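The shown structure was predicted, so the numbers you read here are calculated from the model rather than taken from an experiment. Naming convention: chains lettered A, B, ... in sequence-line order (proteins, then strands); numbering from 1 in each chain.
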2 protein chains.
Amino acid sequence: MSKPEIHTMEELSAAIGVSRPTLSRYFQDPTKVSRSSVERIQRGLEQVDYTPNFFATRMNRKTTGMIGVIIPYLNDLFFTRLLESIEKAAMTAGYTVITQCSHSDPEIEKRAAETFLSMNVDGAIVAPLGDESDLKVYERLNARLPFVMMDSRPGTLANVDFVGTDHPQSTGLITEYLCRVGPPPIFLAMPRVNFNAMERERAYIAKMDELGFDPVVVGTEAVQPLWHFEAHGLAVLSDLFAKGQFLTSSVLCVNDRVAIGALRAATDHGLEPGALRKGGLRIAGHDDYPLCPYTTPTLTTVAQNVALIGQTAVDRLLEKFRAENKSENQVVHLIDGTLKIRQSA
Amino acid sequence: MSKPEIHTMEELSAAIGVSRPTLSRYFQDPTKVSRSSVERIQRGLEQVDYTPNFFATRMNRKTTGMIGVIIPYLNDLFFTRLLESIEKAAMTAGYTVITQCSHSDPEIEKRAAETFLSMNVDGAIVAPLGDESDLKVYERLNARLPFVMMDSRPGTLANVDFVGTDHPQSTGLITEYLCRVGPPPIFLAMPRVNFNAMERERAYIAKMDELGFDPVVVGTEAVQPLWHFEAHGLAVLSDLFAKGQFLTSSVLCVNDRVAIGALRAATDHGLEPGALRKGGLRIAGHDDYPLCPYTTPTLTTVAQNVALIGQTAVDRLLEKFRAENKSENQVVHLIDGTLKIRQSA
DNA sequence: CAAAGACTTTTACATGCGTCAACGATAAGG
DNA sequence: CCTTATCGTTGACGCATGTAAAAGTCTTTG
């Protein structure tokens with residue numbers, strides 16, 4: 001960069017002969033400055049290297065143009081897709097997204113929330129960690145900011161906007177499908193610390209009851225670190241196979257990552273899960289993880305509409321920005337899942 | 001929140017009877033304030049709800065305590081693992097990580113770099129997009145900040161620190177392995193826009209030459225959107241199978257995601273890739289994607305030491321912080337890959 | 001040609017906190 | 001009890017920009 005560096009608007013204003021406040025207005029919205037000044041400023045900017053200081057601008061503006069997003073895990077393509085759709089929606093609306101990951105640690109989640117408050121973000125979107133989270137963190141955000149909870153939610157939290165999949169619908173859909181085309185499925189669950197995992201488990205049981213079948217739930221004990229979903233599915237199913245159980249049943253997994261582990265367990269035991277093998281083992285998941293079309297066999301699942309969830313969360317936040325403090329009622333968006341029938345069930 | 005909210009240090013200082021500068025020093029480092037003041041302040045903080053303003057603190061400090069990180073894709077577990085290791089290393093060192101994703105768009109990558117400059121981050125770590133990136137963006141960052149490039153690098157960029165896998169070593173390792181235990185592999189490449197993809201391709205050719213085999217490279221034409229690696233592997237290999245080629249060869253894929261697509265192609269064509277099938281099709285990848293132990297067959301690959309790469313990148317940045325402007329020479333850390341022998345080859 | 005009107009620009013103050021130099025208090029030494 | 005050294009405290013200024021109100025400027029109208 002051979003261009004001389006200029007660090008403040010003051011210097012810039014001296015360099016190109018336009019007053020500093022005019023420059024300030026130019027950088028916020030060039031149309032608020034007269035045609036002639038715009039040209040003078042633009043000619044000037046070509047000569048030097050200057051960008052307004054991020055902190056100084058944000059500190060004084062009423063609105064920071066920033067949205068804070070917290071997700072629980074990073075190493076999960078479901079959340080990265082969600083994040084991607086949020087970032088794109090926010091970018092389109094002219095907002096900057098600041099992402100923080102809780103890394104499965106409630107303490108980090110709490111710190112991230114405090115950071116957002118101290119940054120005066122315009123709003124926050126949070127996908128909560130689960131049972132171990134401090135609910136006060138969410139209440140605090142909700143009380144002080146436009147706030148939307150996403151993906152999963154604690155049952156006890158009142159008056160918080162929510163956007164996520166309609167799990168009774170989505171899990172009901174695949175449960176019904178599995179029952180229709182083969183033996184009724186058992187449910188390969190997870191330790192009951194994740195709100196969605198619990199919702200899906202309940203939805204499975206409700207649908208089974210409705211259809212007149214006996215629900216069977218396995219895998220609620222933690223045998224692996226919580227976020228190693230594949231390892232969990234593998235361990236639970238391997239264990240059952242070793243005992244000679246469920247070798248020719250249907251298995252509905254709480255999510256696709258668990259299902260991928262389950263597929264491995266099945267293959268390890270010489271089984272080939274698939275819809276075509278009437279009466280044989282079938283395995284299905286939930287989410288439509290991006291790798292589902294590439295597993296062997298390809299994985300039957302229910303797709304969450306990730307793009308719509310992210311977009312809706314941002315849209316709802318934007319609504320709240322406009323509504324200011326006209327205290328509205330709680331808004332809950334439940335989005336339908338879509339059956340993705342592939343080879344595994 | 002029944003606690004009264006306090007928005008400025010000024011108010012807080014009035015509320016608990018300690019001068020504002022003392023509070024300022026307390027929040028930066030409590031040991032710089034006398035024992036008695038610390039107690040007064042802590043008692044006061046229990047009564048009210050206050051956090052120092054993020055922007056105001058950052059604007060005035062010489063050092064912002066922030067590290068900017070840019071990664072090219074989000075929907076890739078390799079990068080999320082890298083990000084995770086960076087965040088943990090940075091957190092341990094007391095730094096806050098601000099992450100931006102380029103979403104495969106050089107324009108976004110450029111904006112992210114500008115944002116970091118305007119935020120006065122203490123340093124930046126960038127995993128570049130590839131051939132389409134504007135190299136001036138990296139030069140600009142390197143000239144103005146402690147800067148480390150990570151994962152892959154443009155060949156033409158001089159005097160920039162780098163941390164990444166030693167691809168001649170890692171790719172050489174698996175090429176040699178494949179040649180040793182079976183027929184010499186063809187290389188399932190990618191369009192030549194990704195620096196690492198090119199490095200691995202060259203490393204494969206070099207090793208094949210060294211071993212006296214004829215290198216064969218396929219898949220350099222783009223048939224899918226660039227970042228759909230699995231779809232690329234599937235499409236390229238399916239195409240070749242349809243023409244009756246390479247049905248019983250070995251295939252070294254440029255990375256594991258491509259290999260996962262290749263596995264699917266093989267299975268679709270009734271083939272069962274595996275090391276045990278002497279003379280039959282074998283498929284291997286590169287990276288040790290977290291799902292490799294769960295694919296069918298489990299995927300043989302070379303692991304990149306993600307944790308070490310992330311840690312080293314942060315460490316190097318910290319070194320540069322201390323070194324100030326004592327212009328040191330360029331430092332390049334090349335980290336060995338490790339062979340992960342599984343079922344597929 | 002003067003006055004009114006519609007914009008622009010500028011003046012002056014505000015934002016929330018870091019930092020230094022001067023100040024004050026406290027404890028050790030005589 | 002007074003002096004000196006030490007350490008923590010505070011007043012005053014600085015940081016890079018936003019913003020409301022006052023002061024231009026130029027065009028339009030009577």
Side-chain angles (χ1 to χ4, degrees), chain A residues 5-42 44-45 48-66 96 114-122 144, chain B residues 5-42 44-45 48-66 96 114-122 144:
Chain A
E5 281 178 30
I6 285 202
H7 287 286
T8 74
M9 271 193 193
E10 202 76 54
E11 287 176 37
L12 183 65
S13 111
I16 65 181
V18 176
S19 81
R20 195 188 56 69
T22 300
L23 287 175
S24 170
R25 292 190 10 267
Y26 170 81
F27 283 111
Q28 290 178 61
D29 182 358
T31 68
K32 294 206 155 191
V33 173
S34 71
R35 198 96 205 90
S36 59
S37 293
V38 169
E39 281 169 20
R40 270 249 289 282
I41 293 171
Q42 287 179 340
L45 285 178
V48 300
D49 192 13
Y50 169 77
T51 316
N53 181 290
F54 188 88
F55 297 126
T57 59
R58 262 49 175 199
M59 188 171 76
N60 290 326
R61 267 203 270 262
K62 320 194 153 137
T63 162
T64 55
M66 301 181 357
T96 302
E114 290 303 321
T115 302
F116 288 160
L117 287 175
S118 77
M119 292 200 310
N120 294 326
V121 295
D122 290 340
R144 306 218 344 208
Chain B
E5 281 178 30
I6 285 202
H7 288 287
T8 74
M9 272 196 191
E10 203 76 53
E11 288 177 38
L12 183 65
S13 112
I16 64 181
V18 176
S19 80
R20 196 187 56 71
T22 300
L23 286 176
S24 171
R25 287 180 28 259
Y26 170 81
F27 282 111
Q28 289 179 61
D29 182 358
T31 68
K32 296 205 151 192
V33 173
S34 71
R35 198 98 204 91
S36 59
S37 293
V38 169
E39 281 169 20
R40 269 248 290 283
I41 294 171
Q42 286 178 341
L45 284 178
V48 300
D49 193 13
Y50 169 77
T51 316
N53 180 291
F54 189 88
F55 296 127
T57 57
R58 263 45 175 203
M59 189 171 76
N60 290 323
R61 267 203 270 262
K62 317 194 157 140
T63 162
T64 54
M66 301 181 3
T96 301
E114 290 303 320
T115 302
F116 288 160
L117 287 174
S118 77
M119 292 200 308
N120 294 326
V121 296
D122 290 340
R144 307 223 339 212

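Residues R144(B) and D49(A) have side chains in contact (heavy-atom distance under 4.5 Å, counting atoms from C-beta outward). With contacts defined as side-chain heavy-atom distances shorter than 4.5 Å, the pair Q42(A)/Y26(A) qualifies. Residues L23(B) and I16(B) have side chains in contact (heavy-atom distance under 4.5 Å, counting atoms from C-beta outward). Contact check for L12(B) versus F27(B): side-chain heavy atoms found under the 4.5 Å cut-off.
Partners of M59(A) by side-chain contact (heavy atoms from CB on, under 4.5 Å), not counting sequence neighbours, listed by chain and number: F55(B), A56(B), M59(B). The side-chain hydrogen bond (donor to acceptor under 3.5 Å, both in side chains) search around T115(B) returns none, not counting sequence neighbours. By the side-chain contact (heavy atoms from CB on, under 4.5 Å) test, D122(B) is found to be paired with T63(B), T64(B), Y95(B), F321(B), residues two or more places apart in sequence or in another chain being considered.
Place K62(A) and F54(A) on DNA chain D by their nearest nucleotides, and F54(A) ends up nearer the 5' end.
No contact: E10(B) has no heavy atom under 4.0 Å from any strand.
Each end of the helix from dC1(C)-dG30(D) to dG30(C)-dC1(D) gets its own axis from five base pairs, and the two axes differ in direction by 40°, given to 10 degrees.
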B/S/- along nucleotides 8-16 of chain C (protein heavy atoms under 4.0 Å) is SBBBB--BB
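Chain A approaches DNA chain D within less than 4.0 angstrom (heavy atoms of the protein), and the contacting nucleotides run 5' to 3' from dA16(D) to dA20(D).
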